[in-house]
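Just follow the structure's listing: the first ligand is 1, and inside any ligand the first atom is 1. What you see below is based on every heavy atom in this structure, not just the backbone, and it leaves out hydrogens, waters and symmetry mates.
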Amino acid sequence: MKILGIETSCDETAAAVVENGTTVLSNEIASQVDIHARYGGIVPEVASRQHTLSIIPIISRAMTTAGVTWQDLDAIAVTNGPGLAGSLLTGVNTAKAISLARSLPLIAVNHLEGHIYANWLTGKPPEFPLVCLIVSGGHSDLVLMRGHGDYTLLGRTRDDAAGEAFDKAARLLGLGYPGGPVIEKAAASGRATLELPRAWLKGSHDFSFSGVKTALLRLSEEGKLDSTADAAASFQTAVVEVLVTKTIDAARECGVQQIILCGGVAANKALRQTMLAQSPLPVLIPPLPLCTDNAAMVAACGYYRFLAGKTAELSLDVVPNLKLT
Ligand code: KG4
Ligand code: ZN
């Protein structure tokens, strides 16, 4: 079964064709990063306009690369939330138009669920029960998964999401946008010499990253940040340590088989290496292009939703604050 996935929730216009929820036939992305970098962050109006310009060419490219025609496709999966309303609308309306014109089933995918299903594209399907750490620009969630589509929220961020913390720290250190990759690059030539706080929130699986960001801000205001590289390394180490320790604690407590990671921050090498080195359980992490926003993950998730009989009507709407549980 071949599914066309469409993703336009934020600043990437993406389309992909995935077979049986596991084999990526194409995974195309038109990134808007350079456009938004000028403003130091995402400008929603600009994002919407770019999506409308890129969506048709990117779908054509995904189909050409996969070597499929409309007749070869079995369904259309699209992200309908969470995300920016104007951005989501482009993807959802395009998917609805294709579904109607080609009589293809329409499948609505929660963006976070999409991130989770990137792990089904790694060649080795995850085993239930598992604990998933979702770390993106808007979320830091720990989720227990007992089966397909079965989510129990164990913990979430009480303030900044992990990706948001990277983005804010990068801005503070004058490293630009998006923050994750630039912090990671700067940290590579630095040492974690600064003592930054870790919010353990004992007895809870929640996260909090505003304290470490504020500590960095205070050191900066006091003129105590001699080396940007050391500051970046210290910040990255503090965030990674909390993410890894709390994920392993949650997995132990739930007695699961496996830990999986997903979301843009899961592209961070320090996080990947530390998690793999410290976890007593097997750990799965998607390859880098499947961690950041893409449409292959949407098509993969759409496949399992389709198998569960969860198709959408043409009345489907965007839900900017859609929840996973
Ligand atoms: O999942 P994603 O692409 O989009 C959302 O759904 O939010 O995540 C974007 C976030 C941004 O905050 C970005 O700074 C962060 O992921 N990110 C990283 C890395 N690459 C992207 N954070 C740390 N290290 C990275 N290498
Ligand atoms: Zn995302």
Of all the non-hydrogen atoms in the protein, which one sits nearest to atom 10 (C) of ligand 1, and at what distance? G137 N, 3.5 Å

Atoms named by residue and atom, protein N, O or S, within reach of the Zn ion (ligand 2) (under 2.8 Å): H111 NE2, H115 NE2, D293 OD1

One residue to check: K269. Relative to ligand 1, which of side chain, backbone, both or neither has a non-hydrogen atom less than 4.0 Å away? neither

Flag the pair F235 / F166 as yes when their ring centroid distance falls below 6.0 Å, and as no otherwise. yes

Hey, what's the ring geometry for H148 with W120, parallel, tilted or perpendicular (30° and 60° as the breaks)? tilted

As a quick check of understanding, evaluate side-chain contact (heavy atoms from CB on, under 4.5 Å) for V92 and K96, giving each step before the final call. CA-CA 6 Å; V92 167; K96 280 161 60 166; 3.7 Å; yes

Short N/O distance, under 3.5 Å, between F166 and ligand 1? no

Give the residue and atom name of whichever protein heavy atom lies nearest to atom 26 (N) of ligand 1, and the separation in Å to one decimal. E184 OE1, 2.6 Å

With a 4.0 Å cut-off, would you call R218 and E222 a salt bridge? no

Ligand-residue contact atoms, ligand 1 with G163, heavy atoms, under 4.0 Å: 12 (O)

Distance from atom 6 (O) of ligand 1 to nearest protein heavy atom, with residue and atom: H111 NE2, 3.1 Å

Does H115 come within less than 4.0 Å of ligand 1, judged by its heavy atoms? yes

Return yes if a side-chain donor-acceptor contact under 3.5 Å exists between T13 and Q50, otherwise no. no

Test salt bridge (charged side-chain N to carboxylate O under 4.0 Å, His left out) on R191 and D230 and set out the steps. CA-CA 5 Å; R191 287 182 310 129; D230 287 355; 5.0 Å; no

In a table with atom names and distances, give each donor-acceptor pair under 3.5 Å that connects a side chain of residues 304-325 to protein atoms at least two apart or in another chain.
| from | atom 1 | to | atom 2 | distance (Å) |
| --- | --- | --- | --- | --- |
| R305 | NE | A108 | O | 3.0 |
| K323 | NZ | N321 | O | 3.2 |

Which residue and heavy atom of the protein sit nearest atom 18 (C) of ligand 1, plus the separation: G180 CA, 3.4 Å

Of all protein heavy atoms, the one nearest atom 3 (O) of ligand 1 is D293 N, 3.1 Å

Where is the nearest protein heavy atom to atom 24 (N) of ligand 1: which residue, which atom, and how far? N268 ND2, 3.0 Å

For E19 and Y303, which I'm curious about, is there any donor-acceptor pair between the side chains at under 3.5 Å? no

P181 near ligand 1 by a heavy-atom separation under 4.0 Å: yes

Check the orientation of H111 and H115. Use parallel for under 30°, tilted for 30 to 60°, and perpendicular for over 60°. perpendicular

Name the closest protein heavy atom to atom 11 (C) of ligand 1, giving the residue it belongs to and the distance to 0.1 Å. D167 OD2, 3.7 Å

For ligand 1, which is the ligand I care about here, please tell me if G264 has any N or O atom under 3.5 Å from one of the ligand's N or O atoms. yes

Relative to the heavy atoms of G138, which atoms of ligand 1 are at a distance of less than 4.0 Å? 7 (O)

Ignoring hydrogens and angles, state whether a donor on the side chain of R158 or S204 is under 3.5 Å from an acceptor on the partner side chain. yes

Got an N/O contact under 3.5 Å between T292 and ligand 1? no

With H51, which residues qualify under ring-ring contact (aromatic ring centres under 6.0 Å, His included), at least two apart? none

Just grab all the ring pair (Phe, Tyr, Trp, His ring centres under 6.0 Å) pairs involving residues 251-272, residues at least two apart or on different chains. none

Report yes if some heavy atom in the side chain of Q257 is under 4.5 Å from a heavy atom in the side chain of L130; otherwise report no. no

Does E12 have a non-hydrogen atom less than 4.0 Å from ligand 1? no

Contact between D150 and M145 at the side-chain level, heavy atoms closer than 4.5 Å - yes or no? no

